[in-house]
Amino acid sequence: NSDSITYDTTPTVKVVLNTSVGASKSHVAGDTVQVLVSGTVVQTQFVTGADISNGYIDLTLPAQTEGTLAITANVVDILGNTSDTSGTALSVSLDTSAPSLNITDTTSDAITDGSNVTFTFTFDEVVEWFTASEITISGGVKGAFAGSGAVYTLVVTPDDGQSSGSIDVSVNVSSATSVTNLAGLN
């Protein structure tokens, strides 16, 4: 995942190994890779010959909690010498909560015959894939739809002759093809 946002609480981290022959800090089979989250070792794994051939080692982290993970790595050789920790931490946002939605409208009570009603859809975080097709209307006709990020609006024209009543609005936020947060949760 290249956007550094995930909902996977056990992400896999690829640690690139220095396998240059003759390099003063090349890694060899038997070394131990340590992955650290916010400075604490959370996963270790021995380097194998296959890892050296590949030039990297994949490590799956134990379950992490929601928030920003600052991931670094180092290598401990068979003599116990620890390499410098990787210079720049990989910053990964772990988001395990689906977005929530609040819908409001511009009417104080009943709708007025011939007057459009604007509905505002406010999510608690930035979302993707939210379109007018995700909204179901009863008692009116969809009009202009606009918005981005966490706030969207939809203008609805009440059905003809409806001078008192209501417009029912619902949003499909649970299908696999519907609205998601940046981590992909819906």
| Are Ile103 and Ile137 grouped together when hydrophobic residues (ILVMFWY) are joined by side-chain heavy atoms under 4.5 angstrom apart? | yes

request  = Check whether more than 12 heavy atoms from other residues, nucleotides or ligands sit under 6.0 Å from atom CD1 of Ile78, and answer yes or no.
outcome  = no

Only residue of Ile52, Thr32, Asp77 satisfying side-chain contact (heavy atoms from CB on, under 4.5 Å) with Val47 is Ile52

Per side-chain contact (heavy atoms from CB on, under 4.5 Å), Thr72 is matched among Leu36, Val35, Asp84 by Leu36

All heavy atoms of Lys142 vs all of Ile135, minimum pair found to be NZ-O, 2.6 Å

query = Does a side-chain heavy-atom distance below 4.5 Å link Phe119 with Thr153?
reply = no

_Does any part of the side chain of Val141, heavy atoms only, come nearer than 4.5 Å to the side chain of Asp159, both counted from C-beta?_
yes

CG of Asn116 to CG of Asp105, rounded to nearest 0.5 Å, is 12.5 Å

Open item on the list: Quiz question: by atom type and distance under 3.5 Å, do the side chains of Thr12 and Thr60 form a donor-acceptor pair?
Closed with: yes

For this session: Establish, from distance only, whether the side-chain atoms of Asn74 and Thr82 form a donor-acceptor pair under 3.5 Å.
Result: no

Q | Val75 with Val41, same ILVMFWY side-chain cluster at under 4.5 Å | A | no

In short, Thr68 meets Ser91 closest at the heavy-atom pair CG2-OG, 3.4 Å

Practice item. Flag the pair Val169 / Thr136 as yes when at least one side-chain heavy-atom distance between them is below 4.5 Å, and no otherwise. Key: no

In terms of heavy-atom contacts, Ala98 and Glu125 come closest through C-OE2, 3.9 Å

Any luck finding a side-chain donor-acceptor pair between Thr96 and Glu66 under 3.5 Å? yes

**Message:** Could you check whether Ser133 and Thr131, counting side-chain N and O atoms only, form a donor-acceptor pair closer than 3.5 Å?
**Reply:** yes

Output for pair (Ile5 CD1, Ser93 OG), nearest 0.5 Å, gives 5.5 Å

**Report entry** Pairwise side-chain contact, Val33 with Phe46, heavy-atom cut-off 4.5 Å (strictly under)
**Finding:** no

Asn102-Thr122 side chain donor-acceptor pair, cut-off 3.5 Å: no

**Asked** Side chains of Thr10 and Asp8: do they bring a donor and an acceptor to under 3.5 Å?
**Response** yes

Sorted by chain and residue number, the ring pair (Phe, Tyr, Trp, His ring centres under 6.0 Å) partners of Phe121 (sequence neighbours excluded) come out as Phe130

One should read off an interatomic distance between Asp95 CG and Thr9 OG1, to the nearest 0.5 angstrom, of 12.0 Å

Hits for side chain to side chain donor-acceptor pair (under 3.5 Å) against Ser170, two or more places apart or cross-chain, chain-then-number order -> none

inquiry  = Quick one: does any side-chain atom of Thr106 pair with a main-chain N or O of Thr118 as donor and acceptor, under 3.5 Å?
reply    = yes

Practice problem: Would you mind reporting whether Val92 and Ile71 have side-chain heavy atoms less than 4.5 Å apart? | Solution: yes

4.5 Å side-chain heavy-atom contact, Asp51 and Leu17: yes

Checklist entry - Less than 4.5 Å apart, any side-chain heavy atom of Pro158 and any of Ile167? => result yes

Are Val76 and Val15 connected in a single hydrophobic cluster, I mean Ile/Leu/Val/Met/Phe/Trp/Tyr linked by side-chain heavy atoms less than 4.5 Å apart? no

Could you tell me whether a side-chain N or O of Lys14 sits under 3.5 Å from a main-chain N or O of Leu59, the two making a donor and an acceptor? no

| said: Quick check: do Ile57 and Gln45 have side-chain heavy atoms less than 4.5 Å from each other? | reply: yes

- Message: Assigning hydrophobic clusters by single linkage (Ile, Leu, Val, Met, Phe, Trp, Tyr; side-chain heavy-atom cutoff under 4.5 Å), is Tyr152 placed with Val155?
- Response: no

